[in-house]
Amino acid sequence: MGKKAQQAADSRARLIAQARALFQTQGYAATSTETLLAATGLTRGALYHHFRDKKDLFQAVCEQMHGELAQAIEAATADVTDDSEGLRLGSLAWMAAVGEPGRCRVLLIDAPAVLGEAQWEALDARHGYASLQQGLREMRQAHTATGLLQSDALAAALNGAMNQLARWSAEQGSEAARQEAAGVVEQLLAVATQKQEKAP
């Protein structure tokens, strides 16, 4: 990478890092472009060279956070061979990672309002939700003979429940709430993935 390209990459990374810190602590609406530029020491021209506007920068922050959630899931399930256990551990890892107050504020509180429902759902679908859907599809294929009931509708239900539980536990702000939310997720997964008897 040439010097100019490296400087551009550094400027973009600085914008995302500072925007992330401000969005996590102050929220999107309270973070002005002027505050962001003062924090980075960059010019308005530098900002608009990399991002169309503040919303575009916010989406880049969301993408970065979703990448971290994917890494958390991968780390928790790297050595797991049982699909049910992988789903459980991956879901709990996602809950723990997204439940951090800063991430939760950005991804589950501000993002739906800032990006709009359709864009937020598309962002969610490309990341954690996609992993959940894939995991359930693989389980369904592996257990077809035993009548395991799985579907994309089930993935949607579990995804919505986990989003809401993560938001709730972050708003409560206590370890007890986080543990309670994680326990509810385990119960939901246990019921959702149990093998059903086929009708005669």
Side-chain angles (χ1 to χ4, degrees), residues 1-80 86 89-135 138 155 159 162-163 166-167 169-171 173 178:
M1 183 181 293
K3 183 178 180 181
K4 190 173 182 179
Q6 183 62 57
Q7 289 175 337
D10 290 344
S11 293
R12 188 178 193 279
R14 193 188 316 171
L15 284 164
I16 292 175
Q18 290 295 336
R20 174 175 177 158
L22 290 168
F23 292 151
Q24 286 185 144
T25 56
Q26 298 182 12
Y28 178 84
T31 301
S32 67
T33 301
E34 290 71 21
T35 300
L36 176 60
L37 294 176
T40 60
L42 296 171
T43 65
R44 189 176 296 272
L47 170 62
Y48 293 121
H49 173 73
H50 295 289
F51 304 100
R52 292 187 301 274
D53 49 27
K54 188 175 77 166
K55 178 181 174 181
D56 193 35
L57 175 56
F58 179 80
Q59 182 165 353
V61 171
C62 291
E63 293 279 3
Q64 183 184 77
M65 288 184 171
H66 272 295
E68 293 166 356
L69 299 182
Q71 291 173 2
I73 293 172
E74 289 173 6
T77 60
D79 300 320
V80 180
L89 292 176
S91 297
L92 293 178
W94 183 91
M95 285 288 295
V98 81
E100 293 180 8
R103 282 202 191 107
C104 189
R105 180 173 194 168
V106 171
L107 293 178
L108 300 181
I109 297 175
D110 279 355
V114 173
L115 301 177
E117 201 67 25
Q119 192 172 352
W120 179 77
E121 288 180 356
L123 179 66
D124 186 41
R126 290 198 302 272
H127 296 283
Y129 186 23
S131 297
L132 179 61
Q133 285 180 309
Q134 183 62 30
E138 290 174 358
N159 188 62
M162 287 193 287
N163 280 340
R167 184 184 295 116
S169 64
E171 289 171 349
R178 285 188 286 273

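By convention here, the first residue in the shown sequence is residue 1.
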Side-chain touch His66/Arg126, heavy atoms, less than 4.5 angstrom:
no
Within the side chain of Arg103, is there an N or O that forms a donor-acceptor pair under 3.5 Å with the backbone of Ala97?
yes
Look up atom OG1 in Thr35 and atom CD in Gln26, then write down how far apart they are to the nearest 0.5 Å.
6.0 Å
Under 3.5 Å: donor-acceptor pair, side chain of Thr40, backbone of Leu36:
yes
How long is the span from the CG atom in Leu115 to the CG atom in Leu123, to the nearest 0.5 Å?
6.5 Å
Distance check, rounded to the nearest 0.5 Å: Glu63 atom CD versus His127 atom NE2?
4.0 Å
Using modelled atom types only, decide if a donor and an acceptor are shared between the side chain of Arg105 and the backbone of Tyr28 within a distance under 3.5 Å.
no
Under 3.5 Å, side chain of Trp120 to main-chain N/O of Leu107, donor-acceptor pair present?
yes
Of the non-hydrogen atoms in Leu42 and Ser11, which two are nearest, and what is the gap between them?
CD1-O, 3.7 Å
side-chain contact (heavy atoms from CB on, under 4.5 Å) with Phe23: which of Asp110, Val114, Val106?
Val106
Which atom names give the shortest non-hydrogen contact between Ala76 and Ala93, and what distance separates them?
CB-CB, 3.6 Å
Taking all heavy atoms of Arg167 and all of Cys104, pick out the closest pair and write down the distance.
CA-SG, 3.6 Å
Atom CG of Leu57 and atom CZ of Phe51: how far apart are they, to the nearest 0.5 Å?
5.0 Å
Is there a side-chain contact (heavy atoms from CB on, under 4.5 Å) between Phe58 and Lys54? Walk through the geometry before answering.
CA-CA 6 Å; Phe58 179 80; Lys54 188 175 77 166; 5.7 Å; no
Quick one: OG1 on Thr31 to CD on Gln24, what's the gap to the nearest 0.5 Å?
10.5 Å
Please name the pair of heavy atoms, one in Val61 and one in Ala19, separated by the smallest distance, quoted to 0.1 Å.
CG2-CB, 4.1 Å
Given side-chain contact (heavy atoms from CB on, under 4.5 Å), test Asn163 with Trp94 step by step and report yes or no.
CA-CA 10 Å; Asn163 280 340; Trp94 183 91; 3.0 Å; yes
Checking side-chain contact (heavy atoms from CB on, under 4.5 Å) for the pair Met162/Leu132: CA distance, chi angles, key distance, verdict?
CA-CA 11 Å; Met162 287 193 287; Leu132 179 61; 3.8 Å; yes
Report yes or no: does Thr77 contribute a side-chain atom to a donor-acceptor pair with the main-chain N or O of Val80 at less than 3.5 Å?
no
Hey, could you give me the CZ/CG distance between Arg14 and Leu47, rounded to the nearest 0.5 Å?
12.5 Å
Would you indicate whether Asp10, at its atom CG, is surrounded by more than 12 heavy atoms from other residues, nucleotides or ligands within a distance under 6.0 Å?
yes
Looking only at heavy atoms, which two atoms of Gly90 and Ile73 are closest? And how far apart?
O-CG1, 3.6 Å
